[in-house]
Amino acid sequence: MPCFRESIKKVSESSGTNLVLALDIPGRDPQALLRRCIQVLDDVAPYICAVKINKPLVLSLSLKGGVSKILDYAHNLGLMTIMDEKLNDVSHINLDVAEHYFEAGFDALIANPFVGWDGGLNSIFSLAKRTCKGVLLLVYMSHGGAAEGYGQTVIDPETGEAKPQYVIFAEEALAWNADGAIVGATRPDNVRAVRNILRGRIPIYSPGVIAQGGDPSVAVSAGANYIIVGRAIYESVSPRDSAFSLRERIAKISRSDRNI
Ligand code: XMP
């Protein structure tokens, strides 16, 4: 059975899209929110390869309630599912949290490498490898303030060399065999630098397009394999049309310039 990294690649190739929908629709009425989420998913399913869910939706709908329904719905549409937990705790807690998400049906989750390997993320990598799930690592976040952490120059604890923090995270993504490295589309130069470290062995996921100012075509040209997009789709007058035109815009670049 193919695991997450191969499965999402297959879905993306067969449907001709590398868009991951960030389904961050806000709302406090769980019934109405669930209906709207399903409606948007239905509308845009042909133009996306995966759906990413964030914590507000889990808080609003509950994991075993509405979120599980969305996961089933997405899987029935042939889509992969990612939990954007940005997991960042000690090992046994990380393991418990990851088990909850994987048991609920998520195919992958996002974790924060700041917490480190020993007594940090080691437990969820072993769980994911055992259960064929995916772990995506934050390598350089998309917002301005990310430069304060991911962009700082630090001394590599392994080599004593001074390096940008995100370079160390990209190298850890390789060493830990992560299933994806997340680099903001708002930072195409960093996407390019990470691509040069990963050299196609680990796919790059880029959030931060349109609403945060990143250009999806530029990110793909720089080396992003998947584009994560939320508000530009679900807040638009026609999520279907927006997803369609984003997919077309990216496909033009992908055909001529993609190096995946
Ligand atoms: P928008 O509406 O800006 O939504 O297209 C972006 C989505 O992606 C998440 N996000 C990130 N997730 N690393 C992540 O793992 C990042 O650097 C990052 N930047 C944005 C955001 O939470 C939302 O779901």
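Only a predicted model underlies this, so the values are computations on that prediction, with no experimental measurement involved. Excluded from the calculations below are hydrogen atoms, water molecules and symmetry mates; all remaining heavy atoms, backbone and side chain alike, are included. All ligand and atom numbering here is 1-based and tracks the order in the structure.
Residue pairs meeting the salt bridge (charged side-chain N to carboxylate O under 4.0 Å, His left out) criterion with at least one member in residues 170-186, sequence neighbours excluded, are Arg5-Asp179, Lys129-Asp179, Lys163-Glu171. Counting only residues at least two apart or in different chains, salt bridge (charged side-chain N to carboxylate O under 4.0 Å, His left out) contacts with residues 131-141 are absent. Within the structure, every pair that satisfies the salt bridge (charged side-chain N to carboxylate O under 4.0 Å, His left out) test and touches residues 199-225, not counting sequence neighbours, is listed here: Asp215-Arg249.
Thr81 and Asp107 share a side-chain donor-acceptor pair at under 3.5 Å. If you check the side chains of Asn190 and Tyr150, you find no donor sitting under 3.5 Å from an acceptor. Side chains of Asn122 and Ser91: a donor on one and an acceptor on the other come within 3.5 Å.
Under 4.0 Å from any atom of ligand 1, one finds heavy atoms of residues Ala22, Asp24, Lys52, Asn54, Asp84, Lys86, Ile110, Leu138, Met141, Ser142, Ile182, Pro207, Gln212, Ile228, Val229, Gly230, Arg231.
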